[in-house]
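Have a look at the structure below, then the notes.
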Amino acid sequence: MSAAPTSAAPASAAAAPSQSGSQLAFTIRNRQFQAGERKSWYDGDPAITAYFNALSAMFPAGERFFCDTVRYQKHKITDPKLQGEIKEFLGQEAIHSREHQSYNDRVAAQGYPMDKLERRTARMQNLARMLMPKKAQLGQTVALEHFTAVLADHLLRERETFGRHASPEEYELWMWHAVEETEHKAVAFDVLKAITNPVTFYLLRTRSLLMATIFFNINLTLHIRDLLKADRLQWSPRAWGRIFHYLWINPGPLWKSIPAYLDWFRPSFHPWMHDNRELVAEWKSAHGEAPAEAASAA
């Protein structure tokens, strides 16, 4: 009697689906800038410059927080592709923190209270570390990465307008940062998705965005006020009016970003549903880098 046929290899032997949804391969760029040396570098306007400087004041502590929250969960990731992207994400964010710290130090040398702003940001991050579970901290990172990705997309789309108003060194710093935020915009999202069940993931990321929206904007407004105060403009309707006009009318990054912001609340949302690889490709081409390749599963 013949032997029974050998059973087929188990389905688990097949490659597991990737935990990464990233659409671009990306790497660390160890760039250095001299941005921040010029006062009122945005078209000579201290109000709009204050907006960008207020954002920069958030980045050194903020980027360290982002790195820590992803690093806490790194050991739970089994996908080599996502593990590789985490490594590049951590490297990019560390350099962002370094370069914005240098930028902030140059702005502070002009007489602006950047140390005070950085301490305020650090206090909020430390409060999150003390009060939130590790997954909730990662949820804050995922939400704030959505903010930065949406604002980066607008800045890259309006780069010609930005370039007409910004001084060259500041232009290069903010474009570089916008490109890298675009490249790694899905990494923290994919980590949180990989370590939570679908219902928890949706509830956590939507709650996190609502919380981040409130506290980010409170922090940003206080930062802008303190920077304007250094120029004795904190009570100036014209200064606040110019900021409002910039953010909501022309070029209007907040107004134009509302649809992308609201997409977050779709259960099927993924950051690369907003496919803007062409913006990265255009920047890379202008800076002599090889064209961006699509990320492939490991």
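A donor-acceptor contact closer than 3.5 angstrom is absent between the side chains of Q32 and E99. Side chains of Q73 and K134: no donor on one and acceptor on the other come within 3.5 Å. Remark: the T200 side chain and the N197 side chain contain an N/O donor-acceptor pair separated by less than 3.5 Å. Using modelled atom types and a 3.5 Å distance limit, the side chains of H100 and S56 yield a donor-acceptor pair. Residues Q140 and Q125 bring no donor and acceptor atom of their side chains to less than 3.5 Å of each other. Side chains of S20 and K81: a donor-acceptor N/O pair is present below 3.5 angstrom, by distance only.
When hydrophobic residues (I, L, V, M, F, W, Y) are linked wherever their side-chain heavy atoms come within less than 4.5 Å, the members clustered with M130 are L127, L131.
Atom CG of N104 and atom OG of S97 lie 9.0 Å apart (nearest 0.5 Å). The line from CZ of F33 to CH2 of W176 is 5.0 Å long, rounded to the nearest 0.5 Å. In this structure, the separation between CZ on F201 and CG on L192 is 5.5 Å, given to the nearest 0.5 Å. Atom CE of residue M211 and atom CG of residue L144 lie 10.0 Å apart, to the nearest 0.5 angstrom. Atoms CG and NZ, from L82 and K193 in turn, are 11.5 Å apart once rounded to the nearest 0.5 Å. Considering NE2 of H223 and CZ of R120, their distance stands at 6.0 Å, rounded to 0.5 Å.
With sequence neighbours excluded, the residues satisfying ring pair (Phe, Tyr, Trp, His ring centres under 6.0 Å) with F89 are H184. Not counting sequence neighbours, T182 has no partner by the side chain to side chain donor-acceptor pair (under 3.5 Å) test. In this structure D105 satisfies the salt bridge (Lys or Arg N to Asp or Glu O under 4.0 Å) test with no other residue, sequence neighbours excluded. Under the rule for a ring pair (Phe, Tyr, Trp, His ring centres under 6.0 Å), F26 has no partner lying at least two apart in sequence or in another chain. Annotation: side-chain contact (heavy atoms from CB on, under 4.5 Å) contacts of R129 (sequence neighbours excluded): F65, D68, Y72, N126, Q137. N250 is linked by a side-chain contact (heavy atoms from CB on, under 4.5 Å) to H245, counting only residues two or more places apart in sequence or in another chain. Residues satisfying the side-chain contact (heavy atoms from CB on, under 4.5 Å) test with M175, not counting sequence neighbours, are L155, L156, R159, F162, Y171, W283. Take R38 and apply the side chain to side chain donor-acceptor pair (under 3.5 Å) test, not counting sequence neighbours, and it matches no residue. Annotation: side-chain contact (heavy atoms from CB on, under 4.5 Å) contacts of H270 (sequence neighbours excluded): A186, F189, D190, W272, M273. Listed by chain and number, the residues in a salt bridge (Lys or Arg N to Asp or Glu O under 4.0 Å) with K116 are D226 (sequence neighbours excluded).
Residues F147 and L222 are members of separate hydrophobic clusters, defined by side-chain heavy-atom contacts under 4.5 angstrom among Ile, Leu, Val, Met, Phe, Trp and Tyr.
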Review item, side-chain donor-acceptor pairs of residues 213-221, under 3.5 Å, at least two apart:
residue, atom, partner, partner atom, Å
T213, OG1, L209, O, 2.7
T213, OG1, Y261, OH, 2.7
N217, ND2, T213, O, 2.7
N219, ND2, T121, OG1, 3.4
T221, OG1, N217, O, 2.8

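With hydrogens and angles ignored, the 3.5 Å screen pairs a side-chain donor or acceptor of T69 with a backbone N or O of F66.
Counting heavy atoms from C-beta on, the side chains of E180 and E93 never come closer than 4.5 Å. Inter-residue side-chain proximity for K256 and E158 is flagged as met; some heavy-atom pair is nearer than 4.5 Å. M58 places none of its side-chain heavy atoms less than 4.5 Å from the side chain of E118.
Checked against a 6.0 Å centroid threshold, the rings of Y103 and H96 do not count as neighbours. The distance between the ring centers of H165 and W41 does not fall below 6.0 angstrom.
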Dump the intermediate steps for side chain to side chain donor-acceptor pair (under 3.5 Å) on E282 and H287, then the final yes or no.
CA-CA 9 Å; E282 289 166 5; H287 288 77; over 6 Å; no
